[in-house]
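Here's the structure, in structure tokens; my notes come after.
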Amino acid sequence: MKPFKEGKFDIVVVGAGHAGCEAALAGARLGLKTAMLTLNLDSIAFMACNPSIGGTAKGHLVREIDALGGEMAKNADKTALQMRMLNEGKGEAVQSLRCQNDKNAYHREMKKTLENTRNLSILQGECAKILTKGGKVYGVKTTYGGVLEASAVILATGVYLNAETITGQFRQKSGPSGFAAATKLTKELIRLGFNVRRFKTGTPARLDARTVDFEKCQRQTGENGVPCFSFLNPVPKTSERECYITYTNKATHELILNNLDRSPLYNGDIKSAGPRYCPSIETKVVRFADKERHQIFLEPEGADTNEIYVQGMSSSMPHDVQKSMYRSVEGLENCQFMRYAYAIEYDCIDTLDVYPTLEFKKIQGLYTAGQLNGTSGYEEAAAQGLIAGINAAFKILKRPPFVLGRDEAYIGVLIDDLVTKGTEEPYRMMTSRAEYAIALRQDTADFRLTPKIFGTALLTEEREKIYKSRLNWCDKIYSDLNCRADFELAEQFAKENGILGNMHGVSFADLIRRGAKIEDICKKFDILTDAPKDILKTCETSIKYEGYISKTRAQIDRAKKLEERKLPDDIDYYKIGGLRLEAQEKLARVRPFTLGQAGRISGVNPADVTVLMVYLATIKK
């Protein structure tokens with residue numbers, strides 16, 4: 001097909017899912033002429049699975065995206081149906097916001113934002129070829145022959161590469177929810193030197209709400225008063241819709257076990273790696289045979305639809321089996337299906353092929369982000385898209401690379417895990433992956449990260465104003481809390497609240513350290529009555545856990561000594577005497593930026609790091 005010029009851009013983003021949206025917005029907001037190429041405009045920011053944002057550790061990612069000038073948090077707030085704070089019974093470090101979103105509204109609002117962003121063009125079409133010359137990218141070509149020239153290309157193709165949906169024995173070349181698959185790009189990736197693998201995910205059925213007996217289910221209401229995702233929205237959202245909980249039972253499990261020979265997961269039809277932490281109902285019943293029931297969540301897909309998302313019952317069983325097993329669940333006895341569950345297989349890459357900037361090691365200016373990188377989840381995708389977009393723009397603008405450390409953000413943990421350790425299954429962010437979790441609370445995301453976008457167009461006047469206001473409030477709150485409390489009032493307060501110890505000379509912060517709640521202190525002593533509640537909570541938590549935070553900071557300082565030891569780009573690991581063969585191979589493959597990253601590579605042990613330290617000392621002489 002005869003090529004023709006679609007246009008000349010600084011950045012081209014291939015894909016318009018959650019990674020593609022953040023990448024395109026970051027590039028455009030940083031002043032670069034950006035194009036977004038997508039298979040279908042109707043799939044922009046499409047929620048192929050659960051229409052929800054946040055959750056354990058994922059909520060941290062969303063707040064960090066917001067702190068860096070991204071869009072996901074704002075869009076989630078706009079379209080939230082129900083807000084909740086998860087893990088409130090646990091420590092603040094693992095508490096995470098989660099909201100149920102209006103699926104269609106989320107798509108519409110994000111599309112509207114993209115369409116009205118300066119420097120950003122959107123084009124429907126399929127990428128067929130990545131154009132390179134001399135080891136550098138210079139654009140992409142569509143199946144129609146259109147050439148989009150660019151200095152940087154970001155691939156954010158989601159689960160669309162050679163995608164196949166699977167239900168029972170039926171396979172269909174298709175992306176999520178019937179959207180077309182991308183069939184041309186995988187061969188291009190292989191040609192360019194990517195290591196391509198095949199992963200799997202899945203989604204449950206959607207039921208007609210009118211046919212569900214919610215009276216038999218446990219009501220799950222949202223919470224009013226919890227903060228929004230975006231720091232730009234100081235007023236908490238009001239939850240509008242309810243979710244419900246029900247459970248599988250013995251009959252459900254028997255139906256599944258009796259039909260395992262018809263399950264693609266167990267009869268050999270599906271061989272690709274699936275998500276460990278979001279398994280199908282078949283996998284849960286087989287893997288946890290001792291459990292008598294599994295929790296199922298019934299969640300609305302939107303304010304303008306009767307579709308109910310059945311979280312916890314993802315399946316690739318044939319339709320007749322699905323119908324029987326869903327109807328065996330209490331409350332779903334007469335349910336009518338609007339969309340059946342399915343599994344989806346797709347191509348993705350080995351992220352050991354990319355740098356911490358998410359740039360491909362073999363082609364300059366080519367970046368990857370999202371589920372193409374082997375991750376699962378909207379939030380993980382959006383975080384990578386934002387970082388890829390910033391780095392693509394910074395490279396063109398000749399600014400230093402934008403890389404976050406494991407001690408700075410969950411985003412740093414996510415990307416470091418991907419590019420240092422790789423993943424053999426769809427990667428999901430969890431609080432347990434962060435060794436410095438106490439220092440990475442969701443409520444401090446702006447204090448940690450917003451200063452990193454100072455001097456860039458990602459920092460709007462509104463964001464800077466709110467950031468400084470929050471910072472000033474923190475300073476005032478800490479100052480006031482470190483004042484001494486009136487002795488007689490303190491004695492009285494201690495008796496009323498079961499606070500132990502001598503009250504002579506105690507500060508309000510001392511009372512918090514002894515277990516007092518900040519809202520009780522403010523009320524009793526009539527202080528900080530006009531302070532924002534969310535910032536009071538942040539200060540209270542920091543004071544309460546300051547001992548742990550101090551120890552964590554000491555660990556971070558020790559680790560930084562290795563992180564600050566840079567490794568030369570052109571180092572030949574095979575010529576370093578004393579390195580084991582496995583370490584040489586892994587180091588040559590990953591090409592770590594620092595000694596710290598080298599030490600986290602699977603197959604590189606502390607003795608190998610010592611050899612590298614000696615080597616660095618010799619080349620400095």
Side-chain angles (χ1 to χ4, degrees), residues 57 60 93-94 195 276-277 349-359 361 373-375 380 387 400-425 427-440 448 547-621:
H60 291 69
V94 297
N195 288 285
R276 179 187 302 266
Y277 301 103
I349 67 158
D350 183 346
T351 42
L352 295 182
D353 289 335
V354 301
Y355 290 119
T357 58
L358 298 180
E359 185 179 24
K361 293 174 180 176
N373 281 347
T375 57
E380 290 90 340
I387 298 302
F402 191 85
V403 177
L404 297 173
R406 298 181 71 90
D407 60 310
E408 295 177 306
Y410 272 86
I411 296 176
V413 175
L414 163 67
I415 294 176
D416 185 69
D417 278 353
L418 291 175
V419 304
T420 304
K421 303 172 184 176
T423 182
E424 297 301 319
E425 61 191 23
Y427 178 101
R428 178 178 179 175
M429 192 70 248
M430 296 180 292
T431 53
S432 59
R433 297 190 191 273
E435 57 268 49
Y436 308 122
I438 192 68
L440 304 179
R448 288 183 278 115
Y548 297 104
I549 294 171
S550 178
K551 289 180 180 178
T552 298
R553 289 294 171 203
Q555 292 174 340
I556 291 170
D557 290 341
R558 288 194 295 270
K560 272 190 181 265
K561 292 178 181 179
L562 288 179
E563 291 299 334
E564 289 169 359
R565 298 288 297 277
K566 304 293 183 184
L567 291 167
D569 294 338
D570 59 351
I571 189 169
D572 187 346
Y573 293 101
Y574 292 103
K575 290 184 178 179
I576 300 178
L579 277 181
R580 296 172 305 107
L581 179 59
E582 181 186 10
Q584 289 175 333
E585 292 174 346
K586 293 292 183 67
L587 288 163
R589 171 78 193 282
V590 176
R591 304 211 64 81
F593 278 9
T594 66
L595 272 177
Q597 187 189 357
R600 292 190 293 276
I601 298 171
S602 175
V604 176
N605 63 32
D608 298 316
V609 175
T610 301
V611 171
L612 288 175
M613 292 174 72
V614 172
Y615 171 78
L616 288 177
T618 61
I619 64 174
K620 284 184 178 180
K621 292 181 179 179

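The residues of the chain are indexed from 1 along the displayed sequence.
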Is any side-chain heavy atom of [X] less than 4.5 Å from a side-chain heavy atom of [Y]?
X      : Y      : answer
Leu567 : Tyr573 : yes
Leu616 : Pro568 : yes
Leu404 : Ile415 : no
Phe593 : Lys566 : no
Val604 : Val590 : no

> Does any pair with a residue in residues 590-610 pass side chain to side chain donor-acceptor pair (under 3.5 Å), and if so which ones, sequence neighbours excluded?
Replying inline: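 Applying side chain to side chain donor-acceptor pair (under 3.5 Å) to every pair that reaches into residues 590-610, excluding sequence neighbours, yields Asp416-Arg600, Thr420-Gln597, Glu563-Thr594, Glu563-Arg600, Arg580-Asp608.
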
> Excluding sequence neighbours, so at least two apart, what forms salt bridge (Lys or Arg N to Asp or Glu O under 4.0 Å) with Asp350?
Replying inline: Arg197, Arg589

> Does the Arg565 side chain pair with the main chain of Leu595, one donor and one acceptor, at a distance under 3.5 Å?
Replying inline: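 Judged by distance alone, no pair lies under 3.5 Å.
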
> Counting distance only, does the side-chain N/O of Asp353 pair as donor-acceptor with the main-chain N or O of Asn195 below 3.5 Å?
Replying inline: yes

Can you name the nearest heavy-atom pair linking [X] to [Y], along with the distance?
X      : Y      : value
Thr423 : Gly374 : CG2-O, 3.8 Å
Tyr410 : Ala434 : CE2-CB, 3.7 Å
Glu425 : Arg276 : OE2-NE, 2.7 Å
Val413 : Met429 : CG1-CE, 3.8 Å
Gly577 : Val611 : O-CG1, 3.5 Å
Gly599 : Val609 : CA-CG2, 3.7 Å

Measuring from atom [atom1] of [X] to atom [atom2] of [Y], what distance do you get when rounded to the nearest 0.5 angstrom?
X      : Y      : atom1 : atom2 : answer
Leu414 : His60  : CG    : NE2   : 14.0 Å
Ile619 : Tyr615 : CD1   : OH    : 4.5 Å
Ile411 : Arg406 : CD1   : CZ    : 13.5 Å
Arg433 : Arg428 : CZ    : CZ    : 9.5 Å
Leu440 : Glu435 : CG    : CD    : 8.5 Å
Ile576 : Ile571 : CD1   : CD1   : 4.0 Å

Atom pairs and distances, donor-acceptor, side-chain atoms in residues 552-562, under 3.5 Å, two or more places apart:
from   : atom 1 : to     : atom 2 : distance (Å)
Thr552 : OG1    : Tyr548 : O      : 3.0
Lys560 : NZ     : Asp407 : OD2    : 3.3

>> Using the rule side chain to side chain donor-acceptor pair (under 3.5 Å), only one of Thr375, Asp417, Thr351, Asn373 pairs with Tyr427; which is it?
In response: Asp417

>> Tell me if the CG atom of Asp572 is crowded by more than 12 foreign heavy atoms within 6.0 Å.
In response: yes

